[in-house]
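Remarks on the structure that follows.
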Amino acid sequence: MKRLVLRRSGLDGLVLETAPIPTIGRHDLLVRMTAASLNRRDLLIVRGEYGSFPLPLVPVSDGVGKVVAAGSAVTRFAIGDRASPAYVPDWVAGAPRDDLVRRRLGGPLDGVLSEYVLVNEHAAVRPPVHLDDVQAATLPIAGVTAFHVLFADGRIVPGDVVVVRGTGGVATMATLLARQAGARVIALSRSRPKLHRMLALGAHEAIDVSEEPAWDARVRELTGGAGAELVIDLVGGQDVDRCVAACRIGGAVALVGFAAGTVAPVDLVAAMRRMVVLRGVSVGSRASYEGLVRAMEHGRLVPVVDAVHPWTDAAAALATMDRDEHLGKIALSFAR
Ligand SMILES: NC(=O)c1ccc[n+]([C@@H]2O[C@H](COP(=O)([O-])OP(=O)(O)OC[C@H]3O[C@@H](n4cnc5c(N)ncnc54)[C@H](OP(=O)(O)O)[C@@H]3O)[C@@H](O)[C@H]2O)c1
């Protein structure tokens, strides 16, 4: 089989190699990959800017494929089924634990940029039946994170106000899911054209943060002074304080992304007075993935795929992430 291996840090360190098809164990599925999708993490790992993972490494965590062989003890899947590996394979359900969240696909574990991938049956999920493989491949990180933030960590109910700061994969999935749940979604972006697309996707209001840098005041204005139940922050940096200020009393900020910086000054007194919960997020469990699939099938929700590249062009596809021109997900196809 062919696979893309990161031999040294840098986009030019990705090398297409031939390797033996892996041998299956009793509980393993051998999955022939059909599609994958990219996350910001993949770009940072390839560049060597996201911790230090031992190389060589097969990068990229998110994908979908078809089960072509199954170990003798496998009961959850059959040959011919579609399967998607969970990004955090050991976190099946419940609260996170250190020992359950260490192993992650695409670093430190080998990821999915490989024609065949071994997946333990307990770390695999059936993708939504109404989605094609490329659409389904966008879910393991972005979709699961959005679902987890809204419904596992968060308890969003109809009428709640959800602010979504950013327009990538998590933001677009969160908008679809929050809207389906009856929440009112306020989308934030630096780009007016992207905001038009977020409104078309289902956001109720949009704020162009390049025109309204004091966007927290605008959120309060739009909510009659109350603020939002939940701010999903996909950007980080200096404006985390505005996320706190945009919350209603007792609201929460989901700290998900850090594209604008990993360090943020926070007015602790404002956070305390307003009893705002600052909650770090790191994707979610297999149970959240399964909850996401159920929610998407119920509403026939379709993730936003901005572009599809051949999987062997992963380096060029990763390079496009930096331009921040995309809305939703960048995907890879294994179509032969
Ligand atoms: N903690 C977790 O579990 C988890 C899971 C998934 C992703 N993430 C992180 O969450 C973030 C979003 O990921 P994603 O895949 O959904 O989206 P993405 O494709 O990484 O896009 C992030 C968005 O952030 C905005 N942005 C980027 N750089 C910015 C800057 N310097 N200043 C202000 N805004 C900026 C852009 O929105 P506009 O162009 O519209 O302004 C961009 O669309 C990333 O940092 C990613 O690493 C974390």
Side-chain angles (χ1 to χ4, degrees), residues 36-47 49-51 60-62 86-88 91 96 101 104-107 137-150 152-154 163-177 186-199 201 203 206-213 215 231-240 242-243 253-264 278-285 288-289 292 303-307 317-331:
S37 81
L38 302 178
N39 290 286
R40 188 73 58 163
R41 175 181 192 272
D42 303 320
L43 176 62
L44 298 177
I45 287 175
V46 167
R47 283 194 188 138
E49 297 168 1
Y50 194 94
V60 177
S61 54
D62 289 8
Y87 160 63
V88 193
W91 187 12
V101 301
R104 293 162 187 249
L105 294 191
T138 65
L139 302 183
I141 283 191
V144 174
T145 302
F147 183 90
H148 201 84
V149 163
L150 289 164
D153 280 347
V163 172
V164 177
R165 182 172 175 231
T167 53
V170 182
T172 48
M173 281 302 314
T175 299
L176 290 170
L177 290 165
I186 303 177
L188 267 51
S189 171
R190 300 162 300 174
S191 152
R192 189 160 282 268
K194 284 188 187 177
L195 285 172
H196 285 304
R197 292 175 67 193
M198 292 297 279
L199 289 168
L201 191 66
I207 304 175
D208 183 337
V209 297
S210 53
E211 284 178 12
E212 287 193 77
W215 55 264
V231 177
I232 304 179
D233 184 19
L234 302 155
V235 178
Q238 298 299 308
D239 271 10
V240 172
R242 293 197 189 280
C243 296
V253 180
L255 299 169
V256 183
F258 46 82
T262 54
V263 176
L278 290 168
R279 188 183 292 128
V281 175
S282 187
V283 193
S285 63
S288 278
Y289 195 170
L292 168 74
V304 180
V305 178
D306 190 88
L318 282 164
T320 67
M321 289 194 105
D322 251 352
R323 297 205 288 269
D324 270 328
E325 286 166 1
H326 63 283
L327 182 132
K329 296 294 293 183
I330 299 168

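Numbering of residues begins at 1 and proceeds along the displayed sequence. Atoms within each ligand, like the ligands themselves, are counted from 1 in listed order.
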Quiz item: What residue and heavy atom of the protein are closest to atom 4 (C) of ligand 1, and at what distance?
Solution: V256 CG1, 3.5 Å

Quiz prompt | Pairing residues for K194 by the side-chain hydrogen bond (donor to acceptor under 3.5 Å, both in side chains) criterion, not counting sequence neighbours | solution = none

Quiz item: Which protein heavy atom lies closest to atom 2 (C) of ligand 1, and at what distance to 0.1 Å?
Solution: V281 O, 3.6 Å

Practice problem: Identify, for atom 36 (C) of ligand 1, the protein heavy atom at the shortest distance, and state residue, atom and that distance. | Solution: R190 NH2, 3.4 Å

Quiz item: Just going by heavy-atom distances, which of D239, V235, V149, V88 is nearest to atom 33 (C) of ligand 1?
Solution: V235

Quiz item: Which residue from L234, V283, I330 reaches closest to atom 11 (C) of ligand 1 through any of its heavy atoms?
Solution: L234

Quiz item: Hey, which atoms in ligand 1 end up nearer than 4.0 Å to a heavy atom of I141?
Solution: 5 (C), 6 (C)

Practice problem: Identify, for atom 27 (C) of ligand 1, the protein heavy atom at the shortest distance, and state residue, atom and that distance. | Solution: D324 OD2, 3.3 Å

Quiz item: Of all residues at least two apart in sequence or in a different chain, which pass the salt bridge (Lys or Arg N to Asp or Glu O under 4.0 Å) check with R190?
Solution: D324

Self-check item: Distance (rounded to the nearest 0.5 Å) between L188 CG and D208 CG
Solution: 9.0 Å

Exercise. Using a strict cut-off of 4.0 Å, indicate which atoms of ligand 1 neighbour a heavy atom of S189.
Key: 38 (P), 40 (O), 41 (O)

Self-check item: Contacting atoms of ligand 1, where contact means under 4.0 angstrom from a heavy atom of K194
Solution: 38 (P), 39 (O), 40 (O), 43 (O)

Self-check item: Selected option - heavy-atom contact closest to atom 23 (C) of ligand 1, from T172, T167, L195
Solution: T167

Quiz item: For ligand 1, which atoms, with element, lie under 4.0 Å from some heavy atom of V170?
Solution: 6 (C), 7 (C), 16 (O)

Quiz prompt | Atoms of ligand 1, numbered as shown, that sit under 4.0 Å from any heavy atom of G169 | solution = 14 (P), 15 (O), 16 (O), 17 (O)

